[in-house]
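Some notes on the structure that comes next.
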Amino acid sequence: RHAGHRPMTSDWRGHVPQLEDLARKLGLEWSPVVFESVPDSFMTEIAVYGLPVRMPHWSFGARYIYQLVQRHMGYSRLFEVVFPGNPGHAYLASSNGLADNVLVTAHVLGHADFSKNNMLFRRCQEQVSAHIIEHAASHARQIERDIESHGFKAVEQVLDAALSLEQYIDLDRALRREPYPEYQAAAAVPPDDTFRARFAILEAGTPGVSQSRKLRAPLPPHPERDLLWFIATYAPEMESWERDIFLAVREESFYFYPVFATQIMNEGWASYWHARLLREADFIPQTTYLDAVKCHSDVVRPVATGEQVALTINPYHLGFTLWEEIVKKSGIESARQIMREDADFSFLRNHLTRQIADEMGLFRYRRQAQGPVKVVASEIEELHESLLLQKYNFGAPRVSVIEVRNDGTLVLQHDSQLDGRGLDADRSRKVLEYVKRVWRRPVLLKTIDAAASAIEFSADSTEPAAA
């Protein structure tokens, strides 16, 4: 996937170094950013694929059609797409006007400051690479070679399985992990048990005894949340090129996680700084400034106005409102410390107060069967959890590997109690089918039904069985 790029207009380019100088004076720090103007159609591709060049798969085409429909119906417009890194890359829509590009440049500098200094971004980039665009392009080229060597259908089946599990990584573990120990560790002898200590010395001196007492460790030794890593490491008959695809998808998921986990903070931070930079940029012509301010208002406005009720949250609006309040109350240095240390979980819980929620008109609701909307709670803690619900576990149900049986059966467990969400039965069966193709043994998924009874999905059955 390629597209022709063209340079920005000279009048817009002239403001870039001025905005960068102003941003530095105000304390922003960022890695270099490469700006490119691309056609609107390519912008849509970038937004859908997540990267300018990425592994080919039919699911991206489905997302592209959806995004295209949204754009043509006027529900969304893409001004820019930013990829953190060193250097970072910012793609701007060629349909942007001068005022749009001035605002977007300031917005991108806010994003670049955030991604360089936020600890979650830094940790993931240190493990993956600051050159993710080049890495993703390398993955795409490798998959093209795999298609030539093994055929399109074989590669597509592996991608089906890997991409269906792309949210199942474990950020508490390193990107590059060693396999589990093959044998259980020997039990330690209590320091005050002299008899056992003497017996252990005698046993160690007997040929073959210690070897015979070695016990194989269970697989996995504990519930394993990183399904991509586990399958790539332990699938019984997986070929090396298949493992490489799984690990490539996993690496890209590590890159995307901070974007997902800090969306409200990050978009709010970039919006705060584009607004502030515009206010203090006395070099921008008055007409351009007024047009840019109007664009800013469109970006950070609530989804609904007046007597309307908005049933979705605009992350730009929520983040911008919270950062303005934090800076006003505590100053910019305190705001920068929060930016460095927090993700959306702690950011909302610590800084979205009842007063701010009331001023923004935020509430929890339930849509009733005939269509009316009913407010069900206004307690701030419940509002926090409602806003954060879709962020847990990278937005996916919490599923772990709990066992590999002697016959090779892979057993997965849905933690319904901790997760608080049910499973989509049709989607679950489809994912199990994908996984079985690469695991090449039976695959089971344990969960509960609507009546809280234990059930078990199988890749070989259309209906769940009682567990």
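All figures in this text were calculated on a predicted structure; none of them were measured in a lab. Because only heavy atoms are used, hydrogens play no part in the values below, and waters and symmetry mates are left out as well, while side chains stay in.
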4.5 Å side-chain heavy-atom contact, R216 and Q184:
no
Run the side-chain contact (heavy atoms from CB on, under 4.5 Å) check on T409 and V443 step by step: do they pass?
CA-CA 6 Å; T409 298; V443 181; over 6 Å; no
Other residues, nucleotides, ligands: >12 heavy atoms within 6.0 Å of R123 CZ
yes
For the residue pair R243 and F246, establish whether any side-chain heavy-atom pair is separated by less than 4.5 Å.
no
Does a salt bridge link R405 with E403, judged by any charged N lying under 4.0 Å from a carboxylate O?
yes
CD1 of I147 to CG of L159: how many Å apart, nearest 0.5 Å?
7.5 Å
Can a donor-acceptor pair be found, under 3.5 Å and without considering hydrogens, that links the side chain of S428 to the backbone of D424?
yes
Between R173 and E178, is there a salt bridge with N-O shorter than 4.0 Å?
no
Can you name the side-chain contact (heavy atoms from CB on, under 4.5 Å) partners of Y180, sequence neighbours left out?
R177, L219, P220, P221, H222, E224, W229, F230, Y234
Report the C-alpha separation of R145 and Q142 in whole Å, then their side-chain angles, then the decisive distance to 0.1 Å, and conclude whether the side-chain hydrogen bond (donor to acceptor under 3.5 Å, both in side chains) test is met.
CA-CA 5 Å; R145 291 192 290 271; Q142 181 59 52; 2.8 Å; yes
Measuring only between side-chain heavy atoms, which start at C-beta, is L227 closer than 4.5 Å to V435?
no
Begin from the C-alpha positions of E385 and Y392 and carry the test side-chain hydrogen bond (donor to acceptor under 3.5 Å, both in side chains) through to its verdict.
CA-CA 10 Å; E385 295 312 303; Y392 287 105; 2.5 Å; yes
For D160, is there an ion pair with K430 - N to carboxylate O distance below 4.0 angstrom?
no
Rounded to the nearest 0.5 Å, what separates atom CG in D226 from atom CG in D172?
10.5 Å
Does the S346 side chain pair with the main chain of A343, one donor and one acceptor, at a distance under 3.5 Å?
yes
Once you round to the nearest 0.5 Å, how far does CG of D344 lie from OG1 of T262?
6.0 Å
Taken to the nearest 0.5 Å, the spacing of I448 CD1 from S416 OG works out to 3.5 Å
So, are E237 and R441 salt-bridged, with charged N and O less than 4.0 Å apart?
yes
Indicate whether the side chain of Q263 and that of Y316 have a donor and an acceptor atom separated by less than 3.5 Å.
no
F347 ring center near W323 ring center (under 6.0 Å)
yes
If we only count heavy atoms from C-beta on, is the W241 to H150 side-chain gap below 4.5 Å?
yes
Show your reasoning for whether side-chain contact (heavy atoms from CB on, under 4.5 Å) applies to E379 and E382.
CA-CA 5 Å; E379 289 80 3; E382 292 191 33; 3.8 Å; yes
State whether E29 and K116 are salt-bridged, where the test is any N-O pair (Lys NZ or Arg NE/NH1/NH2 against Asp/Glu carboxylate O) under 4.0 Å.
no
Listing, residues 451-459 side-chain donor-acceptor contacts under 3.5 Å, not counting sequence neighbours, or none:
from, atom 1, to, atom 2, distance (Å)
E456, OE2, K446, NZ, 2.9
S458, OG, D460, N, 3.0

Taking the cut-offs as 6.0 angstrom to the six-membered ring centre and 45 degrees off its axis, would you call K391 and F260 a cation-pi pair?
yes
Heavy-atom check, side chain of N393 versus side chain of Q167, under 4.5 Å:
no
W273 and W269 aromatic ring geometry - parallel, tilted or perpendicular at 30°/60° bounds
perpendicular
Quick one: closest heavy-atom pair of L228 and R250, and the distance?
CD1-CA, 3.7 Å
Just how far is it from atom CG of L120 to atom CZ of R340, taken to the nearest 0.5 Å?
15.0 Å
Pairwise side-chain contact, V399 with D415, heavy-atom cut-off 4.5 Å (strictly under):
no
Does V38 reach the side chain of S94, with side-chain heavy atoms less than 4.5 Å apart?
no
Could you walk me through whether H296 and F320 pass the ring pair (Phe, Tyr, Trp, His ring centres under 6.0 Å) check?
CA-CA 11 Å; H296 161 76; F320 176 74; 5.2 Å; yes
Look at the aromatic rings of F394 and Y257 and report parallel, tilted or perpendicular, splitting at 30° and 60°.
perpendicular
Between H139 and H135, how do the two ring planes meet: parallel, tilted or perpendicular, split at 30° and 60°?
perpendicular
If we ignore hydrogens and angles and just use 3.5 Å, is the side chain of D113 paired with the main-chain N or O of L28 as donor and acceptor?
no
So do S115 and W30 actually touch side chain to side chain, heavy atoms under 4.5 Å?
no
Is it the case that the side chain of H384 and the backbone of L352 share a donor-acceptor pair, with hydrogens and angles ignored and the cut-off at 3.5 Å?
yes
Between F121 and H111, is the ring centroid distance below 6.0 Å?
no
Could R437 and E242 be called an ion pair, given the rule that one side-chain N must be under 4.0 Å from one carboxylate O?
no
Is the backbone N or O of A93 less than 3.5 Å from a side-chain atom of D40, with the two atoms forming a donor-acceptor pair by type?
no
Judged by atom type as modelled, is there a donor-acceptor pair below 3.5 Å linking the side chain of N266 to the main-chain atoms of V259?
no
Run E341 and R336 through salt bridge (charged side-chain N to carboxylate O under 4.0 Å, His left out) and show every step you take.
CA-CA 9 Å; E341 298 176 357; R336 289 195 67 82; over 6 Å; no
Residues S400 and P223: closest non-hydrogen pair is CB-CB, 4.0 Å
Output the distance between atom CG (D244) and atom CD1 (I143), rounded to the nearest 0.5 Å.
9.5 Å
Between G408 and W439 the two heavy atoms that sit nearest each other are O-NE1, 2.7 Å
Can you see which heavy atom on Q127 is nearest to which on L175, and at what distance?
OE1-N, 2.6 Å
G85 and S31 have their tightest heavy-atom pair at O-CB, 3.6 Å
Contact summary for F254 and D170, nearest pair of heavy atoms:
CZ-O, 3.8 Å
Between T105 and H274, does a side-chain contact (heavy atoms from CB on, under 4.5 Å) hold up when you go through it step by step?
CA-CA 8 Å; T105 301; H274 80 224; over 6 Å; no
Dump the intermediate steps for side-chain contact (heavy atoms from CB on, under 4.5 Å) on E325 and H351, then the final yes or no.
CA-CA 9 Å; E325 190 67 23; H351 305 289; over 6 Å; no
